[in-house]
Amino acid sequence: MKTRITEMFGIEHPIIQGGMHFVGFAEMAAAVSNAGGLGIITGLTQRSADDLAREIARCREMTDKPFGVNLTFLPSLSTPDYPGYIKAIIDSGVKAVETAGNNPAKWLPVLKEAGIKVIHKCTSVRHSVKAQSIGCDAVSVDGFECGGHPGEDDVPNWILLPRAAEELTIPFVASGGVANGKQLVAALALGADGINMGTRFIATKEAPVHENVKQAILNATELDTRLIMRPLRNTERVLNNAAVERLLAKEKALGPNLKFEDIIEEVAGVYPKIMQEGTMEAGAWSCGMVVGLIHDIPTCQQLIDTIMAEADAIIRNRLPGFLA
Ligand SMILES: Cc1cc2nc3c(=O)[nH]c(=O)nc-3n(C[C@H](O)[C@H](O)[C@H](O)COP(=O)(O)O)c2cc1C
């Protein structure tokens, strides 16, 4: 399939794997890129710029296809070494960066000078238009369904994507809630040039996470995610568990007086325990409503091939029939 996104990133299929904390290691990104999509290493999961440079080098050993790096600008306990991470990306020759969170304008000139294509993840039309106006090459439009941070507007993709299509001239991908070829075709119909998936890629053979995480995804339904940190205006969609229930009880009890310190136990530093040790009740971890559509643990190649074959069959066989 050829779209503005496949052309921009030099990939075979219009499928991107979004940055994921403690999931987006070299193994994940290389598996997606080898399968013809765009794999993304999560920059901030690496503790230092040197670590990121080593992770990029490791990924290069596993694939000769293009891959990218995610840089997330969200509130965190200590400010990461962004200039160092960006230097590591540029020096390594990576040509795709997925930015997320705060406006990336400050970093665009240096990235563009290095010939890097920047796709900014946005949860609203106004942020997408802003990203376009400051010179981002593409946008990942992340609907309310998404795993991770859906923003505070609560607009699902059925509305958000066609609204983005009304306003944007740069290409965008549909992100949040996507798992199959039907949705890829729907995304294309709504004006997107491809899809971005997070949660779906965790339930793959190559995802470098504990088996318990993959099983939790298989066992969950579309009813099992919760929104946390809403009172802090840092909303995150996570899979429900005992820690999340505890956190939500604190949010309810403290109301507008809630502070980050009150829930630190449930959210700070929990990713290694969950993703690597498989201690599923250790805290809250991002997960999309799309868990309801995930019923198997294929390889990334099988997953992407199945999505593309399904999309191809719908476009060729099902849709033309409606024109008769
Ligand atoms: C476990 C997990 C961790 C994530 N971590 C990040 C992150 O560090 N930075 C980021 O920009 N997005 C992060 N995301 C969001 C994804 O990149 C992607 O936008 C989102 O998962 C899309 O929604 P979906 O899960 O419904 O496919 C994360 C998502 C998950 C599921």
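Start at 1 and go down the list; that is how both ligands and their atoms are numbered.
Applying the ring-ring contact (aromatic ring centres under 6.0 Å, His included) definition to pairs two or more places apart or across chains, those involving residues 268-309 are His21-Tyr271. Listed by first and then second residue, the salt bridge (charged side-chain N to carboxylate O under 4.0 Å, His left out) pairs that reach into residues 190-204 are Arg4-Asp193, Arg200-Asp296, sequence neighbours excluded.
Summarising the local packing, NZ of Lys106 is surrounded by 12 or fewer heavy atoms from other residues, nucleotides or ligands at distances under 6.0 Å.
A donor-acceptor pair under 3.5 Å is absent between the side-chain atoms of Glu266 and the main chain of Ala284, judged by distance alone.
The salt bridge (charged side-chain N to carboxylate O under 4.0 Å, His left out) search around Lys130 returns none, not counting sequence neighbours.
Pocket lining of ligand 1, defined as residues with a non-hydrogen atom under 4.0 Å away: Gly18, Gly19, Met20, His21, Thr42, Asn70, Thr72, Ala100, Lys121, Asp142, Cys146, Gly147, Ser175, Gly176, Gly177, Asn196, Met197, Gly198, Thr199, Ile202, Met275, Ser286, Val290.
Residues Pro208 and Phe22 fail the side-chain proximity criterion, which asks for heavy atoms closer than 4.5 Å.
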